[in-house]
2 protein chains.
Amino acid sequence: MSQTVDRALSILPLLAEGPADLGQVATRLDVHKSTALRLLRTLHDHGLVYRQSDQRYRLGARLFALAQEAAEHLDVREIAHPHLVALNEACGHTVHLAIHEDNEVLYIDKVESRYPVRMYSRIGKPVAITVAAVAKLLLADLSEPERRAIAERLDYPRYTPRSTPNAEAYLKELATVREQGWATDLGGHEESINCVGAPIRGTDGRSIAALSVSAPNVVVTAEELLTLLPLVRRTAEAITREYAGTTTPPAA
Amino acid sequence: MSQTVDRALSILPLLAEGPADLGQVATRLDVHKSTALRLLRTLHDHGLVYRQSDQRYRLGARLFALAQEAAEHLDVREIAHPHLVALNEACGHTVHLAIHEDNEVLYIDKVESRYPVRMYSRIGKPVAITVAAVAKLLLADLSEPERRAIAERLDYPRYTPRSTPNAEAYLKELATVREQGWATDLGGHEESINCVGAPIRGTDGRSIAALSVSAPNVVVTAEELLTLLPLVRRTAEAITREYAGTTTPPAA
DNA sequence: GCACCCGTTGCGTTCTGTGCAACACTCATT
DNA sequence: AATGAGTGTTGCACAGAACGCAACGGGTGC
């Protein structure tokens with residue numbers, strides 16, 4: 001919408017890949033060096049970009065401050081965290097917390113597995129929306145037309161033979177998840193990794209977040225993982241209750 | 001430097017204070033509503049800003065992703081973290097890790113105290129540069145003219161009667177810190193809180209980060225806290241050594 | 001039903017961002 | 001030393017993009 005800002009903001013994910021010098025930035029943005037310089041300076045003034053001693057640019061520490069403040073306003077996260085830790089202590093596996101935002105589902109918290117074999121994921125990273133248990137949980141509670149609109153807009157990458165193949169299958173899966181109140185991902189994203197998840201609901205009963213437990217086949221089989229379902233659901237419900245307690249009804 | 005980008009970026013800290021609607025943003029920026037709308041839309045397109053259900057804007061979860069990626073490139077943090085945890089387990093108090101960037105000193109990691117009485121701080125937050133132990137450690141290793149330039153540019157807020165009063169006192173303090181290789185903050189920021197810290201050095205011997213242990217008077221006296229100094233220094237040195245081991249000399 | 005408030009749109013003007021070209025600087029190479 | 005290629009930086013004229021205005025639309029409350 002605004003060309004200048006658009007270009008400037010495009011620099012951030014670019015630098016997230018690693019430090020870059022002025023020329024590289026200009027090339028990647030397809031603008032003149034002087035333009036890139038001006039944009040970088042402005043970003044620098046706001047602390048979002050830092051110039052390291054070799055003159056190359058990288059993301060600035062101010063991003064931490066902003067992200068951290070943003071996190072403080074995501075109060076679900078604060079409330080959920082101790083529960084996630086408890087769940088991890090009980091089962092030992094990786095625990096994720098995710099929210100739905102702008103047609104993306106993002107992990108906003110994570111407690112690492114105690115086992116040496118870990119799955120790769122990253123807080124803030126968009127999840128594979130067509131297969132992840134948390135994604136299904138969050139989308140399942142949307143209205144029927146919304147679900148349909150999203151389902152049809154998505155791509156359905158075949159991460160594995162078990163990945164959701166198309167919109168039709170996805171909508172059916174969402175209906176199932178909505179019905180049963182929990183979801184799984186059995187090798188749909190990575191062949192050897194299974195997940196089981198449950199929704200955290202707002203005061204209006206719709207899911208505002210979702211948590212999941214993930215473990216590789218080599219540690220526990222899918223059947224064994226499913227025995228954790230009651231625990232996972234109880235944890236989600238505990239968070240839901242606590243969230244309801246602290247939530248003041250909409251002010252205005 | 002670039003007006004449009006400057007305005008757009010100014011929205012971020014504004015929203016960090018809490019969600020705001022279009023009118024509020026426009027007022028705070030002192031621009032027309034339509035201008036604010038355009039900027040917000042652009043930020044939104046990049047995921048830095050999220051529009052919640054009541055139409056108000058807040059910071060977007062994409063900021064997490066960026067901050068997280070930025071953190072992965074701050075390799076000091078990765079290396080230091082387990083040491084900080086170990087230090088916390090040994091002494092029980094709050095442990096901070098900070099770096100110096102653009103005339104600010106920022107916390108980039110933190111391990112919470114095990115005691116119920118905690119001090120307030122936040123990762124990403126700029127620290128009180130004139131009094132904090134970590135700030136003194138990081139500035140002490142700059143060249144003499146740099147130190148002088150910074151010292152004279154700073155304000156010297158009197159947080160407490162023990163706060164550093166002026167540039168002269170600060171420069172003297174920096175000299176002491178440089179000499180002895182460790183630093184304290186004894187009630188200089190908050191009356192009842194004491195800190196003791198030590199520097200983490202790069203391969204060139206200059207401090208690239210600093211860690212500190214903080215505890216309130218009610219838990220341990222300043223004298224007791226100082227008995228931790230050898231442990232704090234050993235921890236910092238261990239991180240320094242590990243950092244030196246993993247650091248590949250500048251490529252080009 | 002009215003008035004009010006808020007977000008949104010289209011448009012003409014003008015200010016701002018743009019790319020160019022020249023400059024300054026460092027670092028290798030000859 | 002001198003040359004050249006590679007950086008980052010500056011000033012400037014032009015054009016195009018961002019600006020503010022005014023009018024519209026869709027709520028909400030009186």
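Protein chains get the first letters and strands the later ones, always in sequence-line order, with residue 1 at the start of each. Side chains included, hydrogens not; waters and symmetry mates left out as well; all remaining heavy atoms used.
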Would you mind reporting whether B:R241 and B:Y243 have side-chain heavy atoms less than 4.5 Å apart?
no
Heavy-atom check, side chain of A:E104 versus side chain of B:R62, under 4.5 Å
yes
With the criterion being N/O to N/O and under 3.5 Å, what pairs connect the protein with nucleotides 25-27 of chain C, and how long is each?
none

Side chain to side chain donor-acceptor pair (under 3.5 Å) partner of B:D141, the single match among B:H100, B:R201, B:R206:
B:R201
When rounded to whole Å, the CZ to C1' distance for the pair B:R56 and C:dC5 reads 16 Å
Going 5' to 3' through nucleotides 4-21 of chain D and flagging B where a protein heavy-atom sits under 4.0 Å of the base, S where only the sugar-phosphate is that close, and - otherwise, we get ----BBB------SSBBB
In degrees, rounded to 10°, what is the bend between the two ends of the helix from C:dG7-D:dC24 to C:dT30-D:dA1, using five pairs at each?
40°
Has [X] got a side-chain atom pairing as donor or acceptor with [Y]'s backbone, closer than 3.5 angstrom?
X      : Y      : value
A:H46  : A:L48  : no
B:Y170 : B:E152 : no
A:S207 : A:I200 : no
A:R77  : A:I108 : yes

My understanding is that only one of A:R178, A:R147, A:K136 makes a salt bridge (charged side-chain N to carboxylate O under 4.0 Å, His left out) with A:E173; could you say which?
A:K136
Identified side chain to side chain contact (heavy atoms under 4.5 Å, CB included) counterpart of B:V25 within the set B:V49, B:L39, B:T35, B:L40:
B:L40
If the plane angle is over 60° it's perpendicular, under 30° parallel, otherwise tilted; pick one for B:H96 and B:Y107.
parallel
